[in-house]
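The structure under discussion appears below in the form of structure tokens.
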Amino acid sequence: MADYLDTLNDAQRVAVENLEGPMLVIAGAGSGKTRVLTYRIVHLMNNGVDPFNILSLTFTNKAAKEMKQRIALQVGRSEAKNLWMGTFHSVFAKILRSEGHRIGYPQNYTIYDAQDAERVIRGIITDMNLDKDIYKPKQVMGRISSFKNSLITVRAYNNQPDLQEADAAAMRPRTGEIYKEYVDRCFRAGAMDFDDLLLRTNQLLNQFPEVLAQYQDRFRYIMVDEYQDTNHSQYSIVKALAARFENLCVVGDDAQSIYGFRGANVKNILEFKKDYPSMKMFKLEQNYRSTNNIVQAANNVIANNREQLEKEVFTANPDGEAIKVVRTVTDSEEGKYVASTIFETAMDQHLEWSDFAILYRTNMQSRALEDALRRRDMPYRIYGGLSFYQRKEIKDVLSYFRLIINHKDEEALRRIINFPARGIGKTTMDRLTIAARENTMSIFNVIEQAQNMSLGINAGTLRKLEAFILMIKAFNVQIDSLDAFQMAESVVKTTGLVKELQKDSTPEGVSRLDNVQELINSMKKFTEDQKELADGDDTLNTFMEDVALLTDADKEDPNDMNKVSLMTVHTSKGLEFSHVFIVGMEEDLFPSGLSINTRSELEEERRLFYVAVTRAEKQAYLSYTQSRYRWGKVTEAEPSRFIEEIGDDYLDYSTPKSRRSRAMGSNGNDSLFGNEVLRSVKPQSGTAPVKQNSKSIRKLKPVSSMSSNTDLFSGNLNKGNIVKHQRFGLGEVMMVEGVGVNQKASIRFENGGLKKILLRFSKLDVVG
DNA sequence: TCATTGGGCTTTTTT
DNA sequence: AGCCCAATGA
């Protein structure tokens, strides 16, 4: 029956079998934490605990989804469905939908993402006539965020002279006023930012004991993953909910605490025992993921940190290879080295692309790596960075949905009231805004009342405003009768959004249209999925509830299966790969130059590096360059201190053979790029400047408007032609095969790689 | 009111 | 080098 217990080691099993009371699981990297979490839930259920009474909080939605699936394998889907599992944000966003009315929020409240929040703050700073160079919106936002995550309300702020003094000392004495105005504006817009989802949950549980009691009773067993990365606000929610039964299981690894910058508090895990003196501690110290070399190297690094819980991560795995350290001359060389090493290793050892990951400290580093991979036609996937849902065109569409659902959503309204252009300009918006502020009304509301308000807006504009409002209201009427997909189609057509996007035929414009199409497709899938469920709900409202909390990592794309993964070290937490490249191992970059001034910041960087190294199963590579493009300039770099901290025993410094410098004339053929890495030889200033291949693929001839004639193919496409494709942009014809309607061409596109295209169906312009 | 251009600023990490 | 915003002209 309980055969899953047999798959666990002793430490894991006792943790899984400990069902009651407070407990702390310290789970070293790769020690089978997820397995313990899932089996413990299974074990709870097998011991008669109703899944309705289990709350499991994870760090990402993806983790929740995967865990649920694994549990479903053991207990069946219908049972697993009843578990409450998700991120703090998504679980409490849901609870706030049903309970938020008690603290003054509509059921259909909007979730402001970071961008929306920043725009609100920017607006406040402008309205208060403050200097944007002193009151930097991003910084002010960060400050407010840290208040919220520490449960410091506006009132609390005003009662704490030390906080006010700190802001005054930072030359921002009016931070408190901005904070207050920000909270007011969000509230009036019926909007919560990410931090509100937690702060307001706290408020709700504090102010309404009956609500607290209800959820305490419901969540009799609580589990929290990645506990080292919880902030005070999250801690406080957990504490309140667990207070009645104290069946609280927190899991984490203090050595992997990497979110201090956004308010995470390692003390939550370090001081768990203070809160629950009767707690039991379990340590998972055997690593199953990595070679012994990697485990020992990681241990060496983390030993440099002072503050940590005692533990000894070990493994029974073979030693494996030493960690390879490679130096290159420039960042584009680094990219080439990584790409070629992946290529060769994959071929030699018959590995999949998905066995490789490239990790970096900052998102900007991805560019050089992408270039190198693209040049070799190697498939890759970038995690994070600009998320799909943050793209302008997607946010525009979503803003329509938001405004339809919540008329008070001011950020959504500002975004779209004049997009597509309807002749509602800045002057009009200023007038409306002033009226809204004066009367504490929403802008939407002001427009509704505009006729009776003498706003000084001319009749023509007034009519346009009215038409806009009527359109939004008309959509709102349909919202319960149409499903999300039908609504979406209706919105993008009626508003002229699609037409607007179609106007732009540049590759970027085409890709924007594609993105909108993808969004709509995902909504179709959503409605279909919901219709299949007995208790499904396919309305736009439901679709929008989740969307603000989704990240790219959450959407599964079958096309993304076998690809090299590129991501920041932060994003890589919880993942593992056979071969891991950690690039940009340079002082000022990793560790970040902004984090080397205090001990605690540096220790967080070190934990970050620890996380990076422990992602690798078989082989880790570290690379650094002597010079790197930063802020549009070449900057000199020196190797990261973290490399030394690993210790020579676990490192292999053998820098690949130096590459003979290629003569200018030999016109670099793609396949020759960067098989080797320059030793330390700098390009000599005396010789002709060697062109760096950093430019992306060789520029294809520009489209001359004269020669761009649409040409229905009658077999006159030849190898070497430069063509323009409606969706893929410019490309070069590599091969033409077949005849008549079956004629196909292999075309190498500037950005999309090699594609085989059936000419009958393609709109291609020959441009050269 | 809208489109274009030039200047300034940015780069830490994200739910 | 790229992005966003503000100022400028049509």
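Only this structure's heavy atoms are used, side chains among them; waters, hydrogens and symmetry mates stay out.
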Can you check the [X] [atom1] to [N] [atom2] distance for me, whole Å?
{"X": "A/Asp131", "N": "B/dC9", "atom1": "CG", "atom2": "C1'", "result": "14 Å"}
{"X": "A/Lys136", "N": "B/dT10", "atom1": "NZ", "atom2": "P", "result": "5 Å"}
{"X": "A/Asp546", "N": "B/dT15", "atom1": "CG", "atom2": "P", "result": "15 Å"}
{"X": "A/Asn231", "N": "B/dT13", "atom1": "CG", "atom2": "C1'", "result": "15 Å"}
{"X": "A/Asp193", "N": "B/dT14", "atom1": "CG", "atom2": "C1'", "result": "14 Å"}
{"X": "A/Arg122", "N": "B/dT10", "atom1": "CZ", "atom2": "P", "result": "11 Å"}
{"X": "A/Arg414", "N": "C/dC5", "atom1": "CZ", "atom2": "P", "result": "13 Å"}

### Query
With a non-hydrogen cut-off below 4.0 angstrom, is A/Thr428 in contact with a base, only sugar-phosphate, or nothing?
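Sugar-phosphate contact only.
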Are [X] and [N] close enough that a side-chain N or O sits under 4.0 Å from OP1 or OP2?
{"X": "A/Thr60", "N": "B/dT15", "answer": "no"}
{"X": "A/Ser595", "N": "B/dT13", "answer": "no"}
{"X": "A/Asn363", "N": "B/dT13", "answer": "yes"}

Measuring from the side chain of [X] (C-beta onward, heavy atoms only), which nucleotide among [options] has the closest atom?
{"X": "A/Thr461", "options": "B/dC2, B/dT15, B/dT1", "value": "B/dT1"}
{"X": "A/Phe261", "options": "B/dT13, B/dT15, C/dG2", "value": "B/dT13"}
{"X": "A/Lys138", "options": "B/dT11, B/dT14, B/dC2", "value": "B/dT11"}

### Query
Do A/Glu226 and A/Gln228 meet the criterion of a side-chain donor-acceptor pair at a distance under 3.5 Å?
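A donor-acceptor contact under 3.5 Å links the two side chains.
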### Message
Are B/dT14 and A/Tyr259 stacked, with the base six-membered ring and the side-chain ring centres under 5.5 Å apart and planes under 30°?
### Response
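Base of B/dT14: not stacked against A/Tyr259.
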### Task
Could you tell me whether A/Asp253 and A/Lys33 make a salt bridge, using a distance below 4.0 angstrom between a side-chain N and a carboxylate O?
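No, no charged N to carboxylate O under 4.0 Å.
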### Query
Which residue lies toward the 5' end of DNA chain B, A/His570 or A/Thr427, if each is placed at its nearest nucleotide?
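The residue mapped nearer the 5' terminus is A/Thr427.
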### Query
Which class fits the ring pair A/Tyr105 and A/Tyr109: parallel under 30°, tilted 30 to 60°, perpendicular over 60°?
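Perpendicular.
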### Query
Should A/Arg463 and A/Glu466 be marked as a salt bridge (Lys or Arg N to Asp or Glu O under 4.0 Å) after you check the CA-CA gap, both sets of side-chain angles, and the distance that decides it?
CA-CA 5 Å; A/Arg463 234 176 297 122; A/Glu466 200 173 329; over 6 Å; no
